[in-house]
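What follows is a short report on a single structure.
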Amino acid sequence: MARNVDEALAPILSGLEWLGIDWDEGPGVGGPHAPYFQSQRSAGHKAAVERLLASGHAYRDFATPDDLDEERKAAQAAGKPFLYSRRFAAFDDATAARFVAAGRSGVVRLKMPREGALVIDDAVRGRVEFAWEREQDHVIQRADGSCLYHLASVVDDHDFDITHVIRAEEHLSNTPRQAFIALSLGYTLPAYAHLPLVAEPGSRTKLSKRKLAQYLKNQDFKQVAEHGTRIAERIGLAPEADTFNPVIVDFYRAVGYLPWAIDNYLTLLGWSYDDSREFFSREELVAAFTLERINSSPASFDPKKLWAVQDHYMHALPVDEKLPLMLPYLERAGLLADPPTAEQVAIVRQAIEAAGDRLKVAGDILAYADFFLVDEPVMDEAAVKQRLAKPGVRDVLVAAAESLRTTAPFAPAAIEAALKQVVEARGLKTGDVVHAVRVAVTGRTVGPGLYETLAILGRDRSLARLDRALPLAG
RNA sequence: GGCCCCGUCGUCUAGAGGCCUAGGACACGGGCCUUUCAAGCCUGCGACACGGGUUCGAAUCCCGUCGGGGUCACCA
């Protein structure tokens, strides 16, 4: 089975797996209807074609592409919709033999009805009607005997006992020819449900992974893309924009989104439960979901809303569950020993706790914990300029260090009290001390709460960093 | 262009004739809190595409207009 999973399929299957979207039977699982790949079922497809031929629902056709082109152009010139004349159709063996003798090769086409209409009752769209005369005599089998997707798909669905065909709206116009095949083969039609398309941010056009450059002009989209790229680069992924971007599932996996957040968000695109409920566990969603509440208009992908849903779930995740999700990012960024020491793990755990809601995706740990794991923090130039290189800061740092030298226990509450004392003694504002100390020990202006940060760092490292920052202070 | 689908705040949506001076969420604006950044809390802005009907009454039903989208392969 595995060798049949080609390069294009593997990422799709692994993407679904990551999202937690599994299947009862099929590739990788097996089941009573195996095999599950179209390429392995060609015998059944060919048999179906023979049946259609025998029952007069299909015919052998010997037209060349040029013949068809000619007819198409003529119809266009006459302002009429194109409909093949069946001029090169062979409804019996003798005719076929004649075409073959003339050097033509044949395909099999559907002999579509030229009157009447197909009415389907779509679970999402309701009653939809198609006039048969608008349908082309589509090819279902090539000259080499291989069958085309629409034929294969209908036969496979039937053989698999598929009851519901639920797919994107772009397939709505394919339904008549598929229904014709099914009906002609004597199958009972499955229930159809055509889902709204996921559209581009701020638009109603179908989202396409080939139009990334255009989406990047959208501020929200750009922000998400850049945030992800920053993380990817730090773990050595060297992402390329055309394969690593927010329309690809793997982007979210690499950056550290929670798969269920994506599922939940996507569910909300075109479906609602009621006038207010938006969050569902997997079990709740399975119980609550119905086709009836699917919308029929396209829904545009909103990166900001996805972000909010992700925030919600990450927010709710216990530290014990965040830890194994985040550790790999630090490992891949080279900030941890291999394997990480118990001490390192303990530090990361504390950092996760201290960073709290600031960690939106697992990869964010890189921005909020890296300075705990290095000997010397990278000093951000702008941060130094803003918070250290100012008159009087040096004295503040010295005083803070002095106070921290004896603070006991070296824990957030005591550290806060100690630093507040420095503030009062010098008639400063809390921020004056906090901002300066933060930049001195982390190299940055933003981060977890300073008292927690110092506690995690520990007295020795805190003092050492304060000391090292002195030359930079004014 | 033909056929088909769709049209409520910027976005996702609730709404199946009176419950709608149209509700919720995200985003956005203002405020509070505050050691940064987040989070949280309060608050504001903001929509029934348009035009005709039907009805005592329409976002909800009908018709038309306009607008948007999908699809038109010997691809899947």
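All values below were derived from every heavy atom in this structure, side-chain atoms included, with hydrogens, water molecules and symmetry-related copies excluded. Chain A is the first sequence line, chain B the second, and so forth, proteins listed ahead of strands; every chain is numbered from 1.
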Interface polar pairs with nucleotides 16-27 of chain B, N/O, under 3.5 angstrom:
{"residue": "B/G23", "atom": "N2", "partner": "A/D275", "partner atom": "O", "Å": "3.1"}
{"residue": "B/A25", "atom": "O2'", "partner": "A/E278", "partner atom": "OE1", "Å": "2.6"}
{"residue": "B/A25", "atom": "O2'", "partner": "A/K305", "partner atom": "NZ", "Å": "2.5"}

Exercise for review: Report the residues that fulfil side chain to side chain donor-acceptor pair (under 3.5 Å) with A/D432, sequence neighbours left out, ordered by chain and then residue number.
Suggested key: none

Review point. Quick one: A/I140 CD1 to B/A73 P, roughly how many Å, whole number?
Key: 17 Å

Revision key, fill the gap. Separation of B/C75 atom C1' from A/Q141 atom CD, nearest Å, is 17 Å

Exercise for review: Looking at every strand, decide which applies to A/E169 at a 4.0 Å heavy-atom threshold: base, sugar-phosphate, or nothing.
Suggested key: base

Check your understanding: What is the distance, rounded to the nearest whole Å, between atom CD of A/Q310 and atom P of B/A38?
Key -> 17 Å

Distances for protein N/O vs nucleotides 40-47 of chain B N/O pairs under 3.5 angstrom?
none

**Study point:** Where at least one partner belongs to residues 305-319 of chain A, residue pairs that pass salt bridge (charged side-chain N to carboxylate O under 4.0 Å, His left out), sequence neighbours excluded
**Key:** A/E278-A/K305, A/D311-A/K360

Practice item. Identify, with sequence neighbours excluded, every residue that meets side chain to side chain donor-acceptor pair (under 3.5 Å) alongside A/S297. Key: none

Study note, to complete from the structure: salt bridge (Lys or Arg N to Asp or Glu O under 4.0 Å) filter on A/E226, not counting sequence neighbours, yields none

All N/O pairs under 3.5 Å across the protein-nucleotides 33-35 of chain B interface:
{"residue": "B/U35", "atom": "O2", "partner": "A/R438", "partner atom": "NH2", "Å": "2.6"}

Check your understanding: Cation-pi between A/R72 and A/F82: NZ/CZ under 6.0 Å from ring centre and within 45° of the ring axis?
Key -> yes

Practice item. Can you sort out the partners of A/D157 under side chain to side chain donor-acceptor pair (under 3.5 Å), two or more places apart, ordered by chain and number? Key: none

Exercise for review: Could I get the full list of side chain to side chain donor-acceptor pair (under 3.5 Å) partners for A/K222, not counting sequence neighbours?
Suggested key: none

Study note, to complete from the structure: residues 442-451 of chain A vs salt bridge (charged side-chain N to carboxylate O under 4.0 Å, His left out), sequence neighbours excluded, gives A/D370-A/R444

Can you list, pair by pair, the side-chain donor-acceptor contacts under 3.5 Å of residues 193-200 of chain A, counting residues two or more places apart and other chains?
{"residue": "A/H194", "atom": "ND1", "partner": "A/D122", "partner atom": "OD2", "Å": "2.6"}
{"residue": "A/H194", "atom": "NE2", "partner": "A/R167", "partner atom": "NH1", "Å": "3.2"}
{"residue": "A/H194", "atom": "NE2", "partner": "A/T175", "partner atom": "OG1", "Å": "3.4"}
{"residue": "A/E200", "atom": "OE2", "partner": "A/K211", "partner atom": "NZ", "Å": "2.7"}
{"residue": "A/E200", "atom": "OE2", "partner": "A/Y215", "partner atom": "OH", "Å": "3.1"}

Point to revise | Side chain A/H138 and base B/A73 donor-acceptor under 3.5 Å | key: no

Output a table of nitrogen or oxygen pairs between the protein and nucleotides 62-67 of chain B separated by less than 3.5 Å.
none

